[in-house]
Chemist: 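Questions regarding the structure given below will be posed in turn.
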Number of protein chains: 2
Amino acid sequence: MKESIEHKALRERGLRITQPRIVVYRALADVKAPLTAQEIVHSARLVDQATVYRTLELFVEAGIARKVNLQSGLVRYELNSDDHHHLTCTRCERVEDFRGCHVEKISSHALAHSRFFSTITSHSLELFGLCNSCSRT
Amino acid sequence: MKESIEHKALRERGLRITQPRIVVYRALADVKAPLTAQEIVHSARLVDQATVYRTLELFVEAGIARKVNLQSGLVRYELNSDDHHHLTCTRCERVEDFRGCHVEKISSHALAHSRFFSTITSHSLELFGLCNSCSRT
DNA sequence: CCCTATTTGCGAATTATTCGCAAATAGGGT
DNA sequence: ACCCTATTTGCGAATAATTCGCAAATAGGG
Ligand SMILES: [Zn+2]
Ligand SMILES: [Zn+2]
Ligand SMILES: [Zn+2]
Ligand SMILES: [Zn+2]
């Protein structure tokens, strides 16, 4: 029988496979948009909130998940599947993923002009706009 | 005698010129890096914290300031001077500005592939890395 | 199955953010 | 300069978000 995806993710990084971690992983996997810690706390009532926060931190450190900052200011988390970013509606908060981020030109230009940095390890890019249904009204 | 920059910023948008607004504006103007609401609260002890929060929101709505999300998850604010972004050290939190963001190619590509959006109104871009002094150790 | 290092749940402390309302005040009109 | 009123502020307290300490539960190696 096949090993589940969440077991695999945890095992591959030498993390213990526990109920709370599986629950949090699935919460993230089940939804399309990035979630806040509180959203996960409320959806997964079985897991204590302190554990949810601890688990999310752990996931980020382990590279299983990553933080996403949309306009609101709340930190959100999503599975670190691959290189994609978000298009977010500033009115209704709808989120759509997009791929094809070629940020290298920008970042190498930034590096070339930098006085204090010589390495860039990651980036975040968020696009904001109005979704079609919001711009209709 | 010349009108001060903060008076100008407020007057131009039809906002009342008040002590707290001037103090918050100066707090933002005096520092290079984006500040959190709490940092401003603690630096400008004269202004009540509720007022600081209200003022920052007001500044964002009026276009005087904007929110900046660095890695930590805390919302930061900076004056909306012009189009620049940040290079942030993930170890020591040092922040350096950079210019020359040509995100149009990325965003038009994203739009072309989007099912739900046809306008992009703004974006945020943050680069992360290690600053020279941190990468030395 | 046992043993131990890890992880969890709980309760409570911190910290961040927001509210309601009475007192203070900015700015237009006189 | 003085009034008047709509706005804004300060205060106190409510609410929400995040973190802590520690004893009890448990994953996983032997
Ligand atoms: Zn929308
Ligand atoms: Zn990218
Ligand atoms: Zn550094
Ligand atoms: Zn840009």
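Labels below follow one simple rule: chain letters A, B, ... track the order of the sequence lines, proteins then strands, and each chain is numbered from 1. None of the values given here were measured: they were computed from a predicted structure. The figures that follow rest on heavy atoms only: side chains count, while hydrogens, waters and symmetry mates do not.
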Chemist: How would you list all residue pairs meeting ring-ring contact (aromatic ring centres under 6.0 Å, His included) that involve residues 105-127 of chain A, not counting sequence neighbours?
Modeler: His85(A)-His123(A), His109(A)-His113(A)

Chemist: Taking only residues two or more places apart in sequence, or in another chain, which ones meet Glu39(B) in a salt bridge (Lys or Arg N to Asp or Glu O under 4.0 Å)?
Modeler: Arg76(B)

Chemist: To the nearest angstrom, how far is Arg16(B) atom CZ from dG27(C) atom P?
Modeler: 7 Å

Chemist: Given a cutoff of under 4.5 Å between side-chain heavy atoms of I, L, V, M, F, W and Y, with clusters grown through shared members, what are the other residues clustered with Leu70(B)?
Modeler: Val68(B), Val95(B)

Chemist: Between Ile17(B) and Ala37(B), which residue's closest nucleotide on DNA chain C lies nearer the 5′ terminus?
Modeler: Ala37(B)

Chemist: Does a side-chain N-to-carboxylate-O contact under 4.0 Å join Arg21(B) and Glu6(B)?
Modeler: no

Chemist: Please report, rounded to the nearest Å, how far the C1' atom of dT6(C) is from the CZ atom of Arg13(A).
Modeler: 19 Å

Chemist: Nearest-Å distance, CG (Leu56(B)) to C1' (dA16(C))?
Modeler: 13 Å

Chemist: List the residues meeting side chain to side chain contact (heavy atoms under 4.5 Å, CB included) with Arg99(B), not counting sequence neighbours, and say none if there are none.
Modeler: Asp82(B), His84(B), Asp97(B)

Chemist: How does protein contact run along nucleotides 9-17 of chain D, one letter per nucleotide 5' to 3', with B for base contact, S for sugar-phosphate only, - for none, heavy atoms under 4.0 Å?
Modeler: BBB-----S

Chemist: Only distances under 3.5 Å count here; give the side-chain donor-acceptor pairs of residues 52-65 of chain B to other protein atoms, sequence neighbours excluded, each with its distance to 0.1 Å.
Modeler:
{"residue": "Tyr53(B)", "atom": "OH", "partner": "Gln38(B)", "partner atom": "NE2", "Å": "2.7"}
{"residue": "Thr55(B)", "atom": "OG1", "partner": "Thr51(B)", "partner atom": "O", "Å": "2.7"}

Chemist: Which residues pass the side chain to side chain contact (heavy atoms under 4.5 Å, CB included) test with Arg136(A), not counting sequence neighbours?
Modeler: Asn132(A), Ser133(A)

Chemist: Would you mind reading off the distance between Leu15(A) atom CG and dT26(D) atom C1', rounded to a whole angstrom?
Modeler: 16 Å

Chemist: Take the protein atom CD of Glu57(B) and the nucleotide atom C1' of dA16(C), then report the distance between them rounded to whole Å.
Modeler: 14 Å

Chemist: Could you check how far CZ of Arg11(B) sits from C1' of dA26(C), rounded to whole Å?
Modeler: 15 Å

Chemist: Hydrophobic cluster mates of Phe128(B), side-chain heavy atoms under 4.5 angstrom, ILVMFWY only, any path?
Modeler: none

Chemist: For the helix from dC1(C)-dG30(D) to dT30(C)-dA1(D), what angle separates the axis at the start from the axis at the finish, each from five pairs, in steps of 10°?
Modeler: 40°

